[in-house]
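Single-structure report; data block below.
Predicted model, so just to flag it, every value in this text is computed and none were measured.
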Amino acid sequence: MKRRTGQDRSVTSNWRPATQAVRGGTARSEWGETSEALFLTSGYAYDCAADAAARFAGEQQGMTYSRLQNPTVEMLEQRIALLEGAEAARCMATGMAAMTAVLLCQLSQGDHLVAGRAAFGSCRWLTDTLLPRFGIETTIVDGRDPDAWKAAIRPNTKLFFFETPANPTLDIVDLEAVCAIAKAAGLKTVVDNAFATPLLQRPMDYGADIVAYSATKMMDGQGRVLAGAVVGSEEFIENTLLSFIRNTGPTLSAFNAWVVLKGLETLDLRIRRQSENALAVARFLEGRVPRLLYPGLESHPQHELAMKQMSAGGTILSLYLDGGREQAHALLDALELVDISNNIGDSRSLMTHPCSTTHSGLSPEVRAEMGVEEGMLRLNVGLEDSQDLIEDFDRALRKIGL
Ligand SMILES: *Cc1c(COP(=O)(O)O)cnc(C)c1O
């Protein structure tokens, strides 16, 4: 009898997420390897010319070219789809390749998109700069307010696009309310779920149609490779997304897919421990800095909503100092354990000053609209002992007189 490896969806879809993260989508080769095989191949050979023709005609199962299919990438796609509780997924080279593809494959000249104001800097560039160049209109709303989403709908609106929690202000969008507004108006909702991952939050359970990821962040989780993914219905992935990515080529390399497969094996453990650490660090910092935002803390203005949608607060917190950029940079420079780095989702604690790094490409007006202030810092809490992190912050804060 064939052992169950993670390919039979009637079995694997019943597994709990931690099991899917380790085994979902695994396709063993004839060698029976335990760890997923890495298929570094750009092409595939056929037994005869008729087989090649049949495969191109879609009459025969099998792969034709690694821009379209690769066994290692496919294992990752199936694993991510299972974790999301979705029918299908496609991986891409980076999170931004995924965001670009998911928007451009659905929008045409004359269409209108509504997007949340707090967003990853490059996502704002897509909505504010790239899409308008192709005659696609964008309205930016305060994502926290469901009425604002409703009021922004026009006859030509096609999509709602947002992050929750959002980068870097940790705004929470009410998934159930906003997805219901979209459904009632016949629109699709695309959620960038990089901060929470499917282990903490599954937007499709609340009515989202499509979920997009930077897998660079928590999914790899160890700061090694860039990757992205788009998750949705079989119909959407096959009929709308696939021809776009087949012909534009934002393909994920097999090696990077393999690294992310290894990352997913520990995602459940990492995100829970990092969320515990983030809560401990947030509790310590709350009394020491003028303002701090962490969805897992009671003081977050949308704490209750966050905890309804997410099973933990996540790894990211933002804090605000009164002394502007000078004081924010001084705190960064005073830290010894926490690295100055703009990445997130890493197992190392990393802190950045969004105004002068991740969000420096945006105009001061857009930054102000998003709540990205000069005194703001964003912290990704890693897997270190939380007491060592607290001691590093305690010492650094003392050094800058706080
Ligand atoms: C990092 C990030 C992206 C972009 O992902 P890359 O893998 O860096 O291209 C998009 N959205 C959010 C919320 C992110 O944090």
Side-chain angles (χ1 to χ4, degrees), residues 95-96 99 114-131 138-145 148-149 161-173 191-196 214 216-217 278 281-282 285-286 289-297 299-303 306 313-333 335 338-346 349-381 393 400 402:
M96 285 321 301
M99 302 304 156
V114 186
R117 61 171 195 173
F120 188 68
S122 294
C123 291
R124 278 298 299 256
W125 185 84
L126 291 183
T127 57
D128 298 3
T129 305
L130 183 74
L131 295 181
T138 308
T139 301
I140 301 295
V141 298
D142 179 345
R144 297 169 298 181
D145 176 12
W149 290 93
F161 177 50
F162 60 83
E163 301 170 16
T164 183
N167 188 359
T169 52
L170 300 160
D171 283 1
I172 308 291
V173 177
V191 179
D192 178 344
N193 199 34
F195 271 38
S214 169
T216 313
K217 309 296 167 54
V281 171
L285 285 174
E286 201 174 23
V289 298
R291 195 151 67 91
L292 179 140
L293 287 170
Y294 179 62
L297 274 186
S299 59
H300 187 288
Q302 297 173 288
H303 171 67
T315 72
I316 318 278
L317 58 89
S318 290
L319 55 95
Y320 295 78
L321 303 179
D322 290 333
R325 179 178 297 213
E326 199 183 332
Q327 198 175 32
H329 279 192
L331 178 59
L332 282 174
D333 291 342
L335 289 163
V338 176
D339 287 313
I340 303 169
S341 173
N342 46 280
N343 197 15
I344 55 168
D346 199 294
S349 292
L350 310 172
M351 194 150 89
T352 196
H353 179 243
C355 249
S356 53
T357 60
T358 52
H359 290 68
S360 61
L362 300 174
S363 69
E365 295 75 39
V366 171
R367 283 203 295 266
E369 175 195 73
M370 291 173 64
V372 177
E373 299 169 14
E374 285 288 348
M376 172 194 222
L377 290 159
R378 184 192 71 192
L379 172 67
N380 169 74
V381 181
F393 274 104
I400 66 163
L402 286 174

Begin from the C-alpha positions of Met376 and Leu321 and carry the test side chain to side chain contact (heavy atoms under 4.5 Å, CB included) through to its verdict.
CA-CA 6 Å; Met376 172 194 222; Leu321 303 179; over 6 Å; no
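- Within the 3.5 Å criterion, the main-chain N or O of Leu130 finds no donor-acceptor partner in the side chain of Trp125.
- Using a 4.0 Å cut-off between charged side-chain N and carboxylate O, Asp322 and Arg291 make no salt bridge.
- Judged by distance alone, with hydrogens and angles left aside, the side-chain atoms of His300 form no donor-acceptor pair with the main-chain N or O of Leu292 at under 3.5 Å.
- For the residue pair Asn167 and Arg378, a side-chain donor N or O sits within less than 3.5 Å of a side-chain acceptor on the partner.
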Using side chain to side chain contact (heavy atoms under 4.5 Å, CB included), reason through Arg367 and Cys355 one step at a time and then give a plain yes or no.
CA-CA 8 Å; Arg367 283 203 295 266; Cys355 249; 3.6 Å; yes
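- Closest non-hydrogen pair, Gln302 versus Ile172, comes out as NE2-O, 2.7 Å.
- Here the side chains of Tyr320 and Leu377 are not in contact, with every heavy-atom distance at 4.5 Å or above.
- For the atom pair Thr164 OG1 and Asp192 CG, the distance stands at 10.5 Å (nearest 0.5 Å).
- In this structure, OG in Ser214 is found 9.0 Å from CE in Met96, a value given to the nearest 0.5 Å.
- Residues Val141 and Ala148 approach most closely at CG1-O, 3.7 Å, considering heavy atoms.
- Looking at heavy atoms from C-beta onward, Leu285 lies in side-chain contact with Leu319 at the 4.5 angstrom threshold.
- Interatomic distance, CG of Leu170 versus CG of Leu293, reported as 6.0 Å (0.5 Å rounding).
- Residues Asn343 and Lys217 form a side-chain contact, since some pair of their non-hydrogen atoms from C-beta on lies under 4.5 Å apart.
- Side-chain polar atoms of Thr357 and Thr352 form a donor-acceptor pair below 3.5 angstrom.
- When atom types are taken as modelled, the side chain of Tyr294 and the backbone of Gly314 share a donor-acceptor pair closer than 3.5 angstrom.
- Side-chain atoms of Asp339 do not come within 3.5 Å of backbone N or O of Ser341 as any donor-acceptor pair.
- Taking 4.5 Å as the limit, every side-chain heavy atom of Val366 sits out of range of all side-chain heavy atoms of His359.
- In plain terms, the two heavy atoms of Ala119 and Cys123 that are nearest each other are CB-CB, 4.3 Å.
- Contact of the Leu350 side chain with the Ile344 side chain is not registered, since no non-hydrogen atoms from C-beta on lie closer than 4.5 Å.
- Counting heavy atoms from C-beta outward, Ile340 and Asp333 have side chains that approach closer than 4.5 Å.
- Ion pairing of Arg117 with Glu163 is absent here, as no side-chain N (NZ or NE/NH1/NH2) approaches a carboxylate O to less than 4.0 Å.
- We find the CD1-CG distance between Ile316 and Asn380 to be 4.5 Å, quoted to the nearest 0.5 Å.
- For the pair Asp171 (side chain) and Val173 (backbone), a donor-acceptor distance under 3.5 Å is absent.
- Leu362 approaches Gly121 most closely through the heavy-atom pair CD2-O, 4.0 Å.
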Applying side chain to side chain contact (heavy atoms under 4.5 Å, CB included), run through Glu369 and Arg124 and close with a yes or a no.
CA-CA 12 Å; Glu369 175 195 73; Arg124 278 298 299 256; 3.0 Å; yes
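- Pro168 approaches Met370 most closely through the heavy-atom pair CD-CE, 4.4 Å.
- In the model, His329 has a side-chain atom that pairs as donor or acceptor with a side-chain atom of Ser356 under 3.5 Å.
- Distance OG1/Thr358 to CG/Asn342: 7.0 Å, rounded to 0.5 Å.
- Minimum heavy-atom separation, Pro295 to His303: O-ND1, 2.9 Å.
- Note that OG of Ser349 and CG of Leu335 are 10.0 Å apart. Values are rounded to the nearest 0.5 Å.
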Where do Phe161 and Val114 land on the side chain to side chain contact (heavy atoms under 4.5 Å, CB included) test, with the steps shown first?
CA-CA 6 Å; Phe161 177 50; Val114 186; over 6 Å; no
